[in-house]
Visitor: 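Starting off with a structure, shown below.
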Amino acid sequence: MIIETENTKAFYNTEIPIDWKLKNINELFYFKQGVQCAVENQFETSNESRLRFIRIIDLTNQNEPIRYIEDPGQEHHVKFDDLFMIRYGTPGVLGFGYSGVIANNLFRIIPKSETINHFYFYQLTFKEKQIQKLASSSTMPALNFDSLNQLKILVPPLPEQKAIAQVLSTADAAIHTTEKIIAQKELRKKWLMQQLLTGKKRLKGFGGEWKEIHIRDVAKEVSIRNKSDKQLTVLSCTKYDGLVPSLEYFGRKIFADDVSTYKIVPKNHFAYATNHIEEGSIGYQKILDEALISPMYTVFKTDKTVNDDFFYKLLKSHPLVYQYQNRMEGSIDRRGGLRWDGFSIIKIKLPSYEEQTAITLVLQAADKEISLLKAKAEKLKEQKKGLMQVLLTGKVRLKINNT
């Protein structure tokens with residue numbers, strides 16, 4: 001798929017275009033290191049004499065609080081369309097679209113002649129793995145200018161640089177829009193869970209008080225040892241994904257060769273990591289007829305008054321996780337964990353089975369919507385990756401309409 005803009009159309013090319021040039025990066029740019037500023041001289045607020053201080057963490061963590069420093073002088077300013085790159089730790093990661101002053105573990109990439117910097121942002125991002133290989137192999141990978149100068153870059157004419165940047169920017173905009181919608185939908189789902197799982201918000205057609213009970217009133221512990229040494233799938237319990245096949249999740253075997261002491265988790269049973277439930281490590285087994293879990297886990301089953309999908313979401317909710325944290329037994333190293341006796345006396349409020357089911361359907365619809373949007377975002381990223389592969393190498397040309 002090729003995203004065409006108003007003034008371009010695509011056609012295929014099998015070789016490096018004759019009007020493209022292969023140049024060393026030092027023929028195109030020179031490099032300037034950022035400034036050093038101690039933490040005590042960085043500020044959380046801006047004023048007329050302060051500029052944003054752009055650090056490595058600002059490129060790798062978009063949620064990091066912004067820092068400001070006193071203006072070190074015009075020669076150190078970075079404008080919105082300037083390129084810069086990480087030198088240490090994760091060398092090769094590009095920055096673009098920032099204004100301020102960069103830290104000394106970053107360096108500016110300054111063009112020697114007229115260029116479309118946005119094009120080179122994509123071109124250098126495309127070569128990120130190649131750039132990383134040029135970094136020194138010390139304890140802290142570092143990129144020096146001499147090694148970087150070995151990098152060769154394909155350079156199309158300026159109009160084509162601009163056209164390629166426009167196409168890839170359109171792809172980026174589609175990804176950004178989708179990710180923004182995902183973030184909004186996840187916030188909405190979080191709000192729905194806070195409201196619906198506590199009874200603060202009621203669905204149409206339901207009324208009356210929720211019944212306050214202990215978990216043990218609707219569930220019982222199940223402890224079935226794998227004495228016959230069945231070779232079943234071994235599961236691990238994760239904070240976010242619940243029960244998952246251990247080999248697939250970790251990519252290696254972390255469980256014992258002898259699984260005869262492991263517990264069997266039948267289908268439609270819950271299990272939690274006894275020693276780590278304060279992290280929310282609890283899951284629901286609804287895929288396999290039987291599976292295995294570490295003997296250090298607790299397994300339980302609910303009765304017919306409970307909709308298990310509702311109950312699972314309730315058990316993973318923040319109020320319940322907070323209770324697990326408060327009830328952890330044992331010493332500081334948590335070896336005691338939260339065993340069934342302590343877990344089962346946790347109080348919860350439970351609506352009728354019908355209301356549980358209705359709430360579950362609402363939350364499942366929200367989950368499905370988010371899942372579809374995430375799949376769309378991944379597809380858009382793959383499409384952009386394909387675009388970069390063909391446009392930045394000249395395999396597909398953008399014919400520019402100048403009329």
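In what follows, every heavy atom counts, from backbone to side chain, and hydrogens, waters and symmetry copies are set aside.
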Visitor: When you measure from the side chain of Q161 to the backbone of P156, do you find a donor-acceptor pair of N or O atoms at a distance under 3.5 Å?
Guide: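 Answer holds: yes.
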
Visitor: Looking at C237 and G283, what are the two nearest heavy atoms and their distance?
Guide: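 Answer, listing the atom of C237 first, then G283: SG-N, 3.5 Å.
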
Visitor: Is the number of heavy atoms from other residues, nucleotides or ligands under 6.0 Å of Y322 OH greater than 12?
Guide: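 Count not over threshold, so no.
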
Visitor: With side chains defined as the heavy atoms from C-beta onward, is the minimum distance between Q132 and E128 less than 4.5 Å?
Guide: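 With C-beta onward as the side chain, the pair touches.
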
Visitor: Taking NZ, NE, NH1 and NH2 as the nitrogens, is one of them in D367 or K313 under 4.0 Å from a carboxylate oxygen of the other?
Guide: yes

Visitor: Does some side-chain heavy atom of M85 sit less than 4.5 Å from a side-chain heavy atom of I131?
Guide: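 Yes, at least one pair of side-chain atoms sits under 4.5 Å.
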
Visitor: So that I can tick it off, tell me whether K381 and E179 are bridged by a salt bridge, with the cut-off set at under 4.0 angstrom between side-chain N and carboxylate O.
Guide: yes

Visitor: Side-chain atoms of residues 369-379: list all donor-acceptor pairs with protein atoms under 3.5 Å, sequence neighbours left out, distances to 0.1 Å.
Guide:
| unit_1 | atom_1 | unit_2 | atom_2 | d |
| --- | --- | --- | --- | --- |
| E369 | OE2 | K185 | NZ | 3.1 |
| K374 | NZ | E186 | OE2 | 3.2 |

Visitor: Could you verify whether a donor N or O on one side chain and an acceptor N or O on the other, from N144 and S147, lie under 3.5 Å apart?
Guide: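 The criterion, which ignores hydrogens and geometry beyond distance, is satisfied for S147 and N144.
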
Visitor: Using a strict cut-off of less than 4.0 Å between a Lys/Arg side-chain nitrogen and an Asp/Glu carboxylate oxygen, indicate whether K230 and E290 qualify as a salt bridge.
Guide: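 Here K230 pairs with E290 in a salt bridge, since their nearest N and O are under 4.0 Å apart.
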
Visitor: With side-chain hydrogen bond (donor to acceptor under 3.5 Å, both in side chains) as the rule and sequence neighbours excluded, what pairs involving residues 80-104 come up?
Guide: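 Pairs touching residues 80-104 that pass the test: Q33-R87.
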
Visitor: Could you measure the distance from the CG atom of L315 to the CD atom of Q323? Nearest 0.5 Å is fine.
Guide: 11.0 Å

Visitor: Quick one: are Q356 and T305 in side-chain contact, heavy atoms under 4.5 Å?
Guide: no

Visitor: Does Y122 have its ring centroid less than 6.0 Å away from the ring centroid of H118?
Guide: yes

Visitor: Indicate yes or no: at least one non-hydrogen side-chain atom of V244 is less than 4.5 angstrom from one of F250.
Guide: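 Answer no - side chains too far apart.
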
Visitor: Tell me the salt bridge (charged side-chain N to carboxylate O under 4.0 Å, His left out) pairs involving residues 195-205, sequence neighbours left out?
Guide: R202-E355

Visitor: Which atom names give the shortest non-hydrogen contact between S344 and H214, and what distance separates them?
Guide: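 Closest heavy-atom pair between S344 and H214: O-CB, 3.6 Å.
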
Visitor: Distance alone, cut at 3.5 Å: any donor-acceptor contact between the side chains of T360 and D309?
Guide: no

Visitor: Report yes if the distance between the aromatic ring centroids of Y353 and F310 is under 6.0 Å, otherwise no.
Guide: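 Centroid distance Y353-F310: not below 6.0 Å, so no.
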
Visitor: My understanding is that only residues two or more places apart in sequence, or in another chain, count here; which of them pass side-chain contact (heavy atoms from CB on, under 4.5 Å) with I213?
Guide: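 Once residues adjacent in sequence are excluded, the partners of I213 under the side-chain contact (heavy atoms from CB on, under 4.5 Å) criterion are K211, D217, V218, I348, L350.
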
Visitor: Please list, chain by chain and in numerical order, all residues satisfying side-chain contact (heavy atoms from CB on, under 4.5 Å) with Y312, sequence neighbours excluded.
Guide: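 In terms of side-chain contact (heavy atoms from CB on, under 4.5 Å), with neighbours along the sequence ignored, Y312 is linked to F270, Y284, K316.
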
Visitor: Cation-pi check, R225 to Y262: give yes when NZ or CZ is under 6.0 Å from the six-membered ring centre and within 45° of the ring axis, no otherwise.
Guide: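 Checked: cation-pi criterion not met.
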
Visitor: Between F31 and F145, is the gap from one ring center to the other below 6.0 Å?
Guide: yes

Visitor: Which atom pairs, donor and acceptor, lie under 3.5 Å between side-chain atoms of residues 106-116 and protein residues at least two apart or in another chain?
Guide:
| unit_1 | atom_1 | unit_2 | atom_2 | d |
| --- | --- | --- | --- | --- |
| R108 | NH1 | H77 | O | 3.2 |
| K112 | NZ | N26 | O | 2.5 |
| T115 | OG1 | N117 | OD1 | 3.0 |

Visitor: Side-chain contact test, heavy atoms from C-beta onward, threshold under 4.5 Å: evaluate it for Q389 versus K395 and give yes or no.
Guide: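 The answer is yes; the side chains approach within 4.5 Å.
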
Visitor: Any side-chain heavy atom of V222 sitting closer than 4.5 Å to one from K301?
Guide: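 Of all side-chain heavy-atom pairs linking K301 with V222, at least one is under 4.5 Å.
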
Visitor: Is any side-chain heavy atom of I293 less than 4.5 Å from a side-chain heavy atom of V234?
Guide: no

Visitor: With a cut-off of 6.0 Å (strictly less than), are more than 12 heavy atoms of other residues, nucleotides or ligands near CD of E40?
Guide: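 Enclosed.
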
Visitor: Under 4.0 Å between a Lys/Arg side-chain N and an Asp/Glu carboxylate O for R327 and E278?
Guide: no

Visitor: Looking at Y120 versus F29, is the centre-to-centre ring distance below 6.0 Å?
Guide: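 That pair passes the under 6.0 Å test.
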
Visitor: Would you say the side chain of L247 lies within less than 4.5 Å of the side chain of F255, judging by non-hydrogen atoms?
Guide: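 Yes, close enough: below the 4.5 Å cut-off.
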
Visitor: Any idea which heavy atoms bring C37 and F53 closest together, and the distance?
Guide: CB-CZ, 3.8 Å

Visitor: Could you tell me whether the side chains of N226 and S260 share a donor-acceptor contact shorter than 3.5 Å?
Guide: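 There is no such pair between these side chains.
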
